[in-house]
Amino acid sequence: MKLAILSRQPDSYSTMRLHLAALDRGHEVDVLDTLRFAIDLAGDEPDMQYRSDPIDDYDAVIPRIGASITYFGTAVVRQFEQMDVYTPNTSNGIANSRDKLRAIQIMSRHEIGMPATAFARTREDVLPAIERVGGAPVVIKLLEGTQGIGVILAPDTRVASAIIETLQSAKQNVLIQAFVSESKGRDVRALVVGDRVVGAMRRTAVGDEFRSNVHRGGTVEAVDLDAEYEETAVRSAQIMGLRVAGVDMLEGADGPLVMEVNSSPGFEGIESATGLDIAGAVIDYVDDQVAFPELDVRQRLTVSTGYGVAELLVREDGSFVGQTIGESGLLDRDISVLTLHRGAQVIPNPRTQRVLEANDRLLCFGRLEEMRDMIPERRRRRTRIRPLPEDPESGRPVDDEAEA
Ligand SMILES: Nc1ncnc2c1ncn2[C@@H]1O[C@H](COP(=O)(O)OP(=O)(O)O)[C@@H](O)[C@H]1O
Ligand SMILES: [Mg+2]
């Protein structure tokens with residue numbers, strides 16, 4: 001294949017290893033400076049120039065986008081996606097994982113263990129947020145920090161709220177997280193490529209430091225992951241839309257707690273700890289997938305008006321239970337079942353002979369109007385309804401926000 005590696009540091013360990021691994025396997029490969037692309041939306045088709053010259057016809061691109069150039073870097077990757085060039089990590093995946101809050105929000109509905117986390121803006125909301133994650137000590141994190149910079153341990157509530165206030169006054173958004181003390185300055189980094197963990201290491205912080213990042217002096221050793229940790233790492237990467245990812249997990253009392261999913265994991269620590277050819281595994285995976293450029297399924301599927309994607313529920317008391325997909329009449333109503341979710345099981349492209357069971361969830365593409373009455377009710381939350389403050393004069397609730 002003809003491969004481009006997007007990197008601003010051709011001599012860095014990770015970029016060099018990818019470059020050599022690709023050459024070793026007989027691929028054509030260029031290392032291109034991410035900031036030297038110009039995105040070209042002037043013509044009929046999405047295009048791009050590199051150092052003002054037309055770019056070659058690449059089969060695949062491997063993005064190594066540093067945190068300081070996320071905006072421009074993801075724009076370049078997005079342009080490659082529009083040009084149908086395969087990338088293991090999509091622009092969306094990179095952008096989502098770069099922001100620690102956004103990543104946790106996305107993963108939070110998927111039964112992935114994570115340290116209790118909160119995000120609050122005003123002073124009055126910060127103390128209750130600290131209590132909600134379990135009280136001090138708490139970890140405070142800059143949303144876009146990396147390599148351990150911007151991760152602070154606050155021993156008590158007073159210090160915590162002072163730190164948060166200071167950072168916010170410097171226009172920095174921070175999240176508040178329970179300190180997982182049982183992990184004792186150690187964490188696990190699992191390198192996910194495709195649908196499997198190709199290598200894992202345990203990182204241990206030096207001295208009384210609690211951050212175990214290699215850049216903070218953490219030491220590394222190879223580790224054999226339990227199935228639970230492997231599965232959590234792979235699922236986290238999948239949910240984030242990353243096919244090459246470094247998943248950081250704390251070893252909590254009840255199993256893995258994911259802290260973050262990195263889209264440009266470094267290879268030096270993990271290759272030296274494990275002795276494995278991680279870069280080679282990345283190249284082999286990309287070579288395997290080149291035929292399938294990343295496309296935004298939702299965007300492509302919903303261009304026809306009135307059609308869309310929806311998740312339908314097989315109701316316990318409904319007529320579908322016990323019927324096959326063929327008998328259900330969905331196809332006659334112009335609804336195709338893309339995947340069937342049954343508990344933790346996912347059945348892609350289910351056959352028409354497949355018998356439906358109560359509480360199956362069907363991811364479908366079809367006419368929105370036909371699907372409307374089969375969409376499950378929104379998950380109801382236990383909300384406490386507080387009465388609105390009353391206007392002392394009229395006794396009616398005050399509505400300050402209404403544009404009367
Ligand atoms: N909630 C936490 N409890 C205990 N240790 C933590 C927690 N969050 C982070 N750490 C430690 O700090 C390190 C850096 O945190 P992380 O969220 O991965 O940020 P970064 O992007 O800077 O690596 C982790 O590798 C871990 O050792
Ligand atoms: Mg980390």
Side-chain angles (χ1 to χ4, degrees), residues 14 64-68 70 94-108 112-119 129-130 132-156 160 163-164 167 172-192 200-221 223 229 232-233 236-237 240 242 244-270 273:
S14 304
R64 303 282 306 174
I65 309 293
S68 60
T70 301
I94 298 168
N96 287 342
S97 60
R98 251 323 117 72
D99 180 319
K100 290 182 174 30
L101 175 67
R102 204 196 287 190
I104 292 180
Q105 286 181 298
I106 292 171
M107 288 192 290
S108 65
I112 298 279
M114 290 181 295
T117 304
F119 183 62
I130 293 175
R132 264 201 308 281
V133 304
V138 288
V139 176
I140 296 162
K141 294 187 186 181
L142 293 181
L143 295 197
E144 303 209 8
T146 178
Q147 303 181 346
I149 301 162
V151 177
I152 309 164
L153 178 59
D156 61 58
I163 294 171
I164 294 168
L167 289 169
Q172 296 291 327
N173 280 316
V174 294
L175 55 80
I176 304 161
Q177 195 166 72
F179 174 54
V180 182
S181 59
E182 67 264 29
S183 205
K184 296 185 205 72
R186 304 189 318 180
D187 72 356
V188 168
R189 159 67 64 94
L191 226 300
V192 176
M201 60 177 172
R202 177 172 289 126
R203 302 182 295 189
T204 306
V206 276
D208 53 9
E209 174 61 66
F210 80 103
R211 297 165 298 177
S212 50
N213 302 69
V214 177
H215 288 90
R216 302 270 74 74
T219 56
V220 297
E221 59 184 316
V223 60
Y229 279 76
T232 299
S236 303
M240 297 305 297
L242 299 172
V244 175
V247 182
D248 290 349
M249 295 172 282
L250 291 165
E251 295 166 278
D254 297 320
L257 297 171
V258 176
M259 287 178 291
E260 61 165 353
V261 183
N262 297 276
S263 61
S264 295
F267 297 149
E268 189 165 10
I270 194 129

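Atoms within each ligand, like the ligands themselves, are counted from 1 in listed order.
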With a cut-off of 4.0 Å, which atoms of ligand 1 are near a heavy atom of Arg203?
-> 25 (O)
Mind checking whether Val180 contacts ligand 1 via backbone (N, CA, C, O), side chain (CB onward), both or neither, at a 4.0 Å heavy-atom cut-off?
-> both
Which atoms of ligand 1 are found less than 4.0 Å from any heavy atom of Phe179?
-> 3 (N), 4 (C)
Atom name, Asp248 (N, O or S, nearest to the Mg ion (ligand 2)) = OD2
State, with a plain yes or no, whether a side-chain heavy atom of Thr117 is found less than 4.5 Å away from one of Lys141.
-> no
Can Val223 and Tyr229 be said to form a side chain to side chain contact (heavy atoms under 4.5 Å, CB included), step by step?
-> CA-CA 11 Å; Val223 60; Tyr229 279 76; over 6 Å; no
heavy-atom search around atom 16 (P) of ligand 1 in the protein gives Glu260 OE2, 3.8 Å
Atom 23 (O) of ligand 1: nearest protein contact (heavy atom, Å) = Asn213 ND2, 2.8 Å
Report yes or no: does Arg216 contribute a side-chain atom to a donor-acceptor pair with the main-chain N or O of Gln147 at less than 3.5 Å?
-> yes
Within a distance under 4.0 Å of any heavy atom of Asp248, pick out the atoms of ligand 1 and give their elements.
-> 18 (O)
Between Glu144, Arg211, Met114, flag the one that comes closest to atom 12 (O) of ligand 1 by a heavy atom.
-> Arg211
Is any side-chain heavy atom of Leu101 less than 4.5 Å from a side-chain heavy atom of Asn173?
-> no
Residue, atom name and distance, where the atom is the protein heavy atom closest to atom 25 (O) of ligand 1 = Asp187 OD2, 2.7 Å
Closest non-hydrogen protein atom to atom 17 (O) of ligand 1, residue and atom name please, with distance?
-> Lys141 NZ, 2.7 Å
Could you tell me which non-hydrogen atom of Leu257 sits nearest to which non-hydrogen atom of Gly252, and how far apart they are?
-> CD1-CA, 3.9 Å
Without swapping roles, check the side chain of Lys100 against the backbone of Gly145 for a donor-acceptor pair under 3.5 Å.
-> yes
Closest protein heavy atom to atom 27 (O) of ligand 1, given as residue, atom name and distance to 0.1 Å | Ser212 OG, 2.7 Å
Out of curiosity, is Lys100 lining ligand 1, as in a heavy atom under 4.0 Å away?
-> yes
At a non-hydrogen distance cut-off of under 4.0 Å, which region of Leu250 contacts ligand 1 (side chain, backbone, both, or neither)?
-> side chain
Which atom of Gly266 lies closest to which atom of Arg189, heavy atoms considered = N-NH1, 4.3 Å
For atom 15 (O) of ligand 1, closest protein heavy-atom neighbour = Val151 CG2, 3.8 Å
Is it the case that Glu251 and Ser183 place a side-chain donor and acceptor less than 3.5 Å from each other?
-> no
If we only count N/O pairs under 3.5 Å, is Gly148 in contact with ligand 1?
-> yes
Nearest heavy-atom approach of Phe119 to Val174 is CD1-O, 3.2 Å
Nearest-neighbour protein heavy atom for atom 9 (C) of ligand 1, which is reported as residue plus atom name and distance | Met259 SD, 3.3 Å
Based purely on interatomic distance, does Ala178 place a nitrogen or oxygen under 3.5 Å from a nitrogen or oxygen of ligand 1?
-> yes
Indicate yes or no: at least one non-hydrogen side-chain atom of Leu242 is less than 4.5 angstrom from one of Ser97.
-> yes
Of the non-hydrogen atoms in Ile140 and Ala154, which two are nearest, and what is the gap between them?
-> CD1-CB, 3.9 Å
Quick note on ligand 1: atoms under 4.0 Å from a heavy atom of Gly145 include exactly 21 (O)
If we only count heavy atoms from C-beta on, is the Arg64 to Ser264 side-chain gap below 4.5 Å?
-> yes
Glu260, N/O/S atom nearest the Mg ion (ligand 2) = OE2
